[in-house]
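First the structure, in the form of C-alpha cells, and then the observations on it.
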Amino acid sequence: MALTAVKGFNDILPDESGRWRYIEQTARRVFERNGFGEIRVPVLEKTELFCRSIGDATDIVEKEMYTFTDKGENSVTLRPEGTAGVMRAFIEHKLYAQDPIAKLYYMGPMFRYERPQKGRYRQFHQIGAEITGVNDPLADAQVLNMLTAFFREIGLTEPTLQINSLGCPECRPAYRNALRGFLEERMEHLCEDCKRRFATNPLRTLDCKVPGCVEATLGAPSVLEHLCSGCEDHFSSVRRYLDLSSTPYSINHRMVRGLDYYTRTTFEMVTGLLGSQSAVAAGGRYDGLISQLGGPAIPGIGFALGLERVALLLGSQDFVSLPDLFIATMGNGERDAAFRLMDGLLKSGVRVEMDYEGKSLKSQMRRADKLKARYSVVIGGNEVVSGRASFKRMADGLQADAELTVAGIQKLVGKPEQ
RNA sequence: GUGGCUGUGGUGAAGCGGUUAACACGUACGACUGUGACUCGUAUAUUCGAGGGUUCGAUACCCUCCAGCCACCCCA
C-alpha cells in the first residue's frame, strides 16, 4: 500500500460516522438541556499550558505529547486533553467578569503519543463538559447526573459510576504520608513499578493490577478517612445529592487520577467490556486550576468521555439513513424527466437516488435494492406521457399507482413539505 | 518505552516445499423482450506485507525490516 494514515490516526468511514454523530447529538441534547453552551477551542496550544495544568511530572506531559517548535520558534503542543484549553480561553476572554459561573462543553480530537491498542489511539476524541465558579457540591452532583443521563439516553446501562474524593492541598499530603508509612512495611510484596511509584506517586499503587500489589494494599489506609472536615462535608453532600436524585453510584476509595489538577470529587464511568480500557468517561473537581493558570481563584469541575470507547460499547448498530425512493429510467429519453423529478424531490427534503450511468433496468433495480430504498419507480415513455407511474414498495414488492409529481411522491413516502 | 500474536483478492478465510492459489461473501454483467430480493451462469489474486537467504523449486522454511492487533505501562 503506497500511502497510509499515520500510526494511531484513524479514518472514520461513512458506515461508522453515523454512530459517531448519534453520540455527539445525544451529548449536545443532554448538555444543552442542562444549560451548557458549546465552546470551540484550538487543537494547538502553547506547550506551557499543559505543563502548568496537567503537571510536569505526569506521564502525559513527560512522554506522550505531540510537541514541536513552529516556524516562529515557539514550543507548541497538540492538545492531549480538553480542560486546559477551555480554562485558558475562560481566563483569556475574562468570561468570569460577566458571570463567574460558566457551563461549557466541547468535543473534538485529542492527541497522545502512546502505543495504540483497543479503545486507545494517538488521535482520539473526547466530549467534555465543565462548570466553573461553583463550590457547592450541587454542581458536582449535577455534572454526575448529566453524565449518567447521557449514558442512559444513548442506550447504555453497562458503564457504572464510581466516585471518590482526593482531598485538597490541605489534607492530601497527610494522607500521602500515611500511605507511604503503610507501604514501607510491605515493600517486598510490591512490583517493581510500585517500588518506583513509592517515591513519585504512591497513590498509584492503589490502582496497580499486579495481584501481589492488590493483596499487599488490601488494608491500606483510605483517602476518605483522611479528608479534612471541609472535604469530608463536601463529599458527603455530593453523596446526599446523588441519593436525592436516585443516581446509582459506588464509592471506590482506590480511584486515582493521572492529572495533577484534580481535587476533592473525582469519578469514572467504568466498563468491564473494553479490556484494559475500563474508563469510558472520567473527571473531577479542579479547584486550583484556574488560579494556577493565572486566572482568579475560581473553582471548577468537569469530565471528558472517550468517543471511541462509547462507540465500541454501542457496537455495530446501524445509524445510516436510507433513500426514500429510487428512480429507474427505461432509456436516455426519460433521463431528463427523471433528473428534474429527482431535483424537485431533493429540494423538498425527500431522499432520492437515481441511476448515474444509463445502466440496464435490471442493474438499476439491483442498485435500488442494494441501497435499501423504500420505494422504486420506473420511468419510461408511458409514464412521461401519462404523468403517473407505478411505485413499488421494496419491502414487499407491492406496487401502487401514483402521480409522478413532487407532491404526489411526498404523500406516498410520507414526507410532507418542510 | 517493554512483551506476545498475526500479515494470502474489496472482505472472511483454506493451502504449510512442486496446486490452474480452494471455498464463501462482495462486486460486475447476463438467464428474465419494462421491475430488485431467491435460483442459475460467466467474470473477478501473473500472485501470497517488503527485502534478502536456503533449495532444482518457495505463499509455505530461515533472517531482517515494515505494518496491524492485543497486553503491560498510562489514560478517556
Side-chain angles (χ1 to χ4, degrees), chain A residues 1-2 4-8 10 13 15 23 54 58-65 79-83 107-129 147 159 191-194 196-197 201 204 207-210 255-259 267-271 274-284 302-313 326-331 334 355 357 359-383 389-399:
Chain A
M1 206 148 315
T4 58
V6 174
K7 188 192 196 70
N10 299 125
L13 302 178
D15 57 340
I23 297 168
I54 300 170
T58 58
D59 277 32
I60 295 178
V61 171
E62 269 185 352
K63 45 195 193 195
E64 294 174 1
M65 297 207 302
R79 61 182 184 192
E81 60 102 41
T83 302
M107 52 184 69
M110 308 292 162
F111 306 85
R112 258 124 94 160
Y113 193 88
E114 302 178 273
R115 281 284 281 271
Q117 68 189 66
K118 185 175 188 168
R120 185 226 273 176
Y121 307 100
R122 290 185 173 178
Q123 176 179 326
F124 61 104
H125 298 77
Q126 290 189 335
I127 303 179
L147 189 56
C191 68
E192 289 309 309
D193 282 326
C194 286
R196 179 174 50 79
R197 285 168 180 145
N201 190 354
R204 277 243 88 89
D207 205 31
C208 187
K209 287 154 204 133
V210 176
M255 190 172 67
V256 180
R257 307 274 65 214
L259 286 68
F267 52 90
E268 284 182 4
M269 295 291 304
V270 186
T271 176
L274 293 180
S276 58
Q277 262 58 248
S278 58
V280 184
F303 64 81
L305 58 95
L307 208 21
E308 282 83 355
R309 293 180 185 180
V310 174
L312 240 27
L313 289 178
F326 187 96
I327 303 174
T329 54
M330 284 310 297
E334 290 80 37
D355 167 56
E357 297 169 89
K359 299 231 172 155
S360 70
L361 183 60
K362 180 180 190 69
S363 290
Q364 295 184 62
M365 289 305 293
R366 276 189 177 156
R367 185 160 178 80
D369 186 56
K370 189 172 76 175
L371 295 175
K372 298 194 171 76
R374 289 170 53 219
Y375 286 89
S376 68
V377 64
V378 178
I379 299 182
N382 300 341
E383 285 78 8
S390 181
F391 289 82
K392 183 173 195 171
R393 190 161 64 193
M394 299 298 279
D396 56 12
L398 271 181
Q399 306 220 26

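Order of the sequence lines fixes the chain letters, A, B, ..., with proteins taken first and strands second; residue numbering starts at 1 for each chain. As the structure is a prediction and not an experimental result, all values here were calculated from the model.
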- [ ] Kindly say whether V280(A) contributes a backbone atom to a donor-acceptor pair with the side chain of R309(A) at under 3.5 angstrom?
- [x] no

TODO: Hunt down any stem RNA chain B takes part in, defined as 3 or more consecutive Watson-Crick or G-U pairs whose two distances are each under 3.5 Å.
DONE: B:1-7 with B:66-72, B:10-12 with B:23-25, B:26-31 with B:39-44, B:49-53 with B:61-65

Task: Nearest-neighbour nucleotide for the R204(A) side chain, C70(B), C75(B), G36(B) considered - done: C75(B)

TODO: Please measure how far the P atom in G3(B) lies from the corresponding atom in U8(B), and state the result in whole Å.
DONE: 24 Å

Open item on the list: Would the distance check show the side chain of Q364(A) and the main-chain N or O of K359(A) forming a donor-acceptor pair, the cut-off being under 3.5 Å?
Closed with: yes

- [ ] Could you give the distance separating A67(B) and C48(B) at their C1' atoms, to the nearest angstrom?
- [x] 16 Å

Open item on the list: Heavy atoms only, 4.0 Å cut-off, all strands: where does E64(A) land among base, sugar-phosphate and nothing?
Closed with: sugar-phosphate

TODO: Can you tell me, in whole Å, how much space there is between the P of A28(B) and that of C69(B)?
DONE: 30 Å

TODO: Can you tell me, in whole Å, how much space there is between the C1' of U6(B) and that of A60(B)?
DONE: 16 Å

TODO: Between C61(B) and U54(B), how far apart are the C1' atoms? Round to whole Å, please.
DONE: 8 Å

Task: Distance between P atoms of G41(B) and A24(B) (Å, rounded) - done: 10 Å

TODO: Give, for atom CZ of R112(A) and atom CE of M65(A), the distance between the pair rounded to the nearest 0.5 Å.
DONE: 10.5 Å

- [ ] By nearest nucleotide on RNA chain B, pick out whichever of K7(A) and L305(A) is the more 5' one.
- [x] K7(A)

Open item on the list: Rounded at 0.5 Å granularity, tell me how far CZ in F303(A) sits from CD1 in I127(A).
Closed with: 9.0 Å

Task: Residue met sooner reading RNA chain B from 5', once Q117(A) and R309(A) are mapped to nucleotides - done: Q117(A)

Task: Close side-chain approach of P80(A) and M110(A), heavy atoms under 4.5 Å - done: no

Open item on the list: Using the rule given for side chain to side chain contact (heavy atoms under 4.5 Å, CB included), can you reason through Y113(A) versus R122(A), listing the C-alpha separation, both sets of side-chain angles and the distance that settles it, and then say yes or no?
Closed with: CA-CA 5 Å; Y113(A) 193 88; R122(A) 290 185 173 178; 3.1 Å; yes

TODO: Identify the residue among K372(A), K370(A), M394(A), R367(A) that makes a side chain to side chain contact (heavy atoms under 4.5 Å, CB included) with F326(A).
DONE: R367(A)

Open item on the list: Quick one, Q123(A) with N10(A), criterion side chain to side chain contact (heavy atoms under 4.5 Å, CB included). Give me CA distance, side-chain angles, the key distance, then yes/no.
Closed with: CA-CA 7 Å; Q123(A) 176 179 326; N10(A) 299 125; over 6 Å; no

- [ ] Write down the distance separating the P atoms in G52(B) and U27(B), rounded off to the nearest Å.
- [x] 38 Å

Pairs under 3.5 angstrom, nitrogen or oxygen only, protein versus nucleotides 33-35 of chain B, please.
| from | atom 1 | to | atom 2 | distance (Å) |
| --- | --- | --- | --- | --- |
| G34(B) | O6 | N382(A) | ND2 | 2.3 |
| G34(B) | N1 | E383(A) | OE1 | 3.1 |
| G34(B) | N1 | E383(A) | OE2 | 3.2 |
| G34(B) | N2 | V378(A) | O | 3.4 |
| G34(B) | N2 | E383(A) | OE2 | 2.7 |
| U35(B) | O2' | K392(A) | NZ | 2.7 |

Task: Heavy-atom pair with the smallest gap, counting every atom of K118(A) and L312(A) - done: CG-CD2, 4.3 Å

- [ ] Just compare A31(B), A76(B), U27(B) and give me whichever is closest to any side-chain atom of K370(A).
- [x] U27(B)

Task: Nucleotide of C74(B), C29(B), A71(B) approaching R115(A) most closely (side-chain heavy atoms) - done: A71(B)

Open item on the list: Work out how far the C1' atom of G7(B) is from that of C65(B), and round it to whole angstrom.
Closed with: 14 Å

